[in-house]
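Data first, discussion second: the structure below is written as structure tokens.
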Amino acid sequence: MSDIWGYQPTTGHTAGNTLIGYKVEATDGSIGKVDRHSDEVGSSYLVVDTGVWIFGKHVLLPAGTVSRIDAAEEKIYVELTKDQIKDAPEFDKDKHLGDAGYHEQVGGHYGRHRRV
């Protein structure tokens, strides 16, 4: 299985390109917009502001869940359903940035849903 914390080469993402403000699409509909992201090797992720969909919750999506990025449309497609994302551990920027334990928890949550 490939690394869940790295962008797949087929996504079309180029390190250094900002994704902030891009809409995020689950396999069954829109889930929100990118609030922040990281291109750090071995720890790449998106933080998505879900807005009113799950009452302003922020979720962290490992870069390995991204299936493709449409720069023209400013949309990011992820290989997850809305329920898989809704059930993820909530992201708190004051507590979770750089927290290896939280990364493990999130990786475990999404790892269960990955296609190999």
Side-chain angles (χ1 to χ4, degrees):
M1 184 188 320
S2 56
D3 180 19
I4 196 166
W5 296 104
Y7 287 98
Q8 301 304 309
T10 54
T11 63
H13 178 61
T14 304
N17 287 0
T18 187
L19 301 174
I20 294 170
Y22 277 42
K23 290 182 180 161
V24 181
E25 299 286 330
T27 56
D28 55 353
S30 183
I31 61 157
K33 288 187 176 184
V34 176
D35 187 49
R36 65 171 61 206
H37 69 96
S38 166
D39 287 334
E40 191 177 321
V41 174
S43 185
S44 298
Y45 59 81
L46 305 171
V47 174
V48 180
D49 178 352
T50 61
V52 296
W53 174 57
I54 36 181
F55 307 107
K57 180 176 168 179
H58 284 74
V59 293
L60 185 127
L61 301 180
T65 62
V66 174
S67 58
R68 72 183 176 93
I69 297 171
D70 185 332
E73 295 271 326
E74 293 195 352
K75 285 187 181 179
I76 298 171
Y77 296 86
V78 294
E79 286 293 323
L80 298 165
T81 66
K82 288 172 141 185
D83 280 344
Q84 288 169 338
I85 295 164
K86 189 165 57 174
D87 294 342
E90 186 165 2
F91 175 77
D92 180 335
K93 70 179 184 303
D94 298 324
K95 290 194 282 191
H96 296 135
L97 277 182
D99 179 342
Y102 176 74
H103 266 211
E104 244 175 71
Q105 185 184 8
V106 169
H109 172 77
Y110 291 122
R112 290 194 300 270
H113 302 294
R114 296 232 24 230
R115 295 180 191 158
V116 182

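Rounded to the nearest 0.5 angstrom, Asp87 CG and Lys82 NZ are separated by 13.5 Å. For the atom pair CD1 (Ile31) and OG1 (Thr81), the distance works out to 10.0 Å, reported to the nearest 0.5 Å. How far CD of Gln84 is from OG1 of Thr27: 7.0 Å, rounded to the nearest 0.5 Å. Here the straight-line distance linking atom CZ of Arg68 with atom NZ of Lys75 works out to 9.0 Å at 0.5 Å rounding. Here the straight-line distance linking atom OG1 of Thr11 with atom CG of Asp70 works out to 12.0 Å at 0.5 Å rounding. For the atom pair Leu19 CG and Glu74 CD, the distance stands at 9.5 Å (nearest 0.5 Å).
Screening Val78, Ile76, Ile85, Val59 for a side chain to side chain contact (heavy atoms under 4.5 Å, CB included) involving Val48 leaves a single residue, Val59.
Between Tyr45 and Phe91, the ring planes lie tilted relative to each other; the angle falls in the 30° to 60° range.
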Inset, instruction - Would you please test His58 and Asp49 for side chain to side chain contact (heavy atoms under 4.5 Å, CB included) and show each step? - result: CA-CA 5 Å; His58 284 74; Asp49 178 352; 3.7 Å; yes
Inset, instruction - Kindly indicate, with the supporting measurements, whether the criterion side chain to side chain contact (heavy atoms under 4.5 Å, CB included) is fulfilled by Leu46 and Tyr7. - result: CA-CA 11 Å; Leu46 305 171; Tyr7 287 98; 3.5 Å; yes
Inset, instruction - Give the C-alpha distance, both sets of side-chain angles, the deciding distance and a yes or no for side chain to side chain contact (heavy atoms under 4.5 Å, CB included) between Leu60 and Tyr110. - result: CA-CA 10 Å; Leu60 185 127; Tyr110 291 122; over 6 Å; no
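Listed by first then second residue, pairs satisfying side-chain hydrogen bond (donor to acceptor under 3.5 Å, both in side chains) with a partner in residues 32-42 read His13-Asp39, not counting sequence neighbours.
Between the side chain of Thr50 and the backbone N or O of Lys57 there is at least one donor-acceptor pair closer than 3.5 Å. Within the 3.5 Å criterion, the main-chain N or O of Asp92 finds no donor-acceptor partner in the side chain of Tyr102.
Counting all heavy atoms, side chain and backbone alike, Gly6 lies closest to Ser44 at CA-CB, 4.5 Å. Between Glu79 and Ser67, the closest heavy-atom pair is OE2-CB, 3.3 Å. In terms of heavy-atom proximity, Ile4 sits nearest to Gly107 at CD1-O, 4.1 Å. Minimum heavy-atom separation, Gln8 to Gly64: NE2-CA, 4.2 Å. When all heavy atoms are compared, the tightest approach of Gly42 to Asp3 is CA-OD2, 4.0 Å. Across every non-hydrogen atom of Val66 and Ile69, the tightest pair is CG1-CG1, 3.9 Å.
Looking at Val34 and Val24, their side chains come closer than 4.5 Å, going by heavy atoms from C-beta outward.
Sparse packing is recorded around CD of Glu104, with 12 or fewer heavy atoms of other residues, nucleotides or ligands lying under 6.0 Å away.
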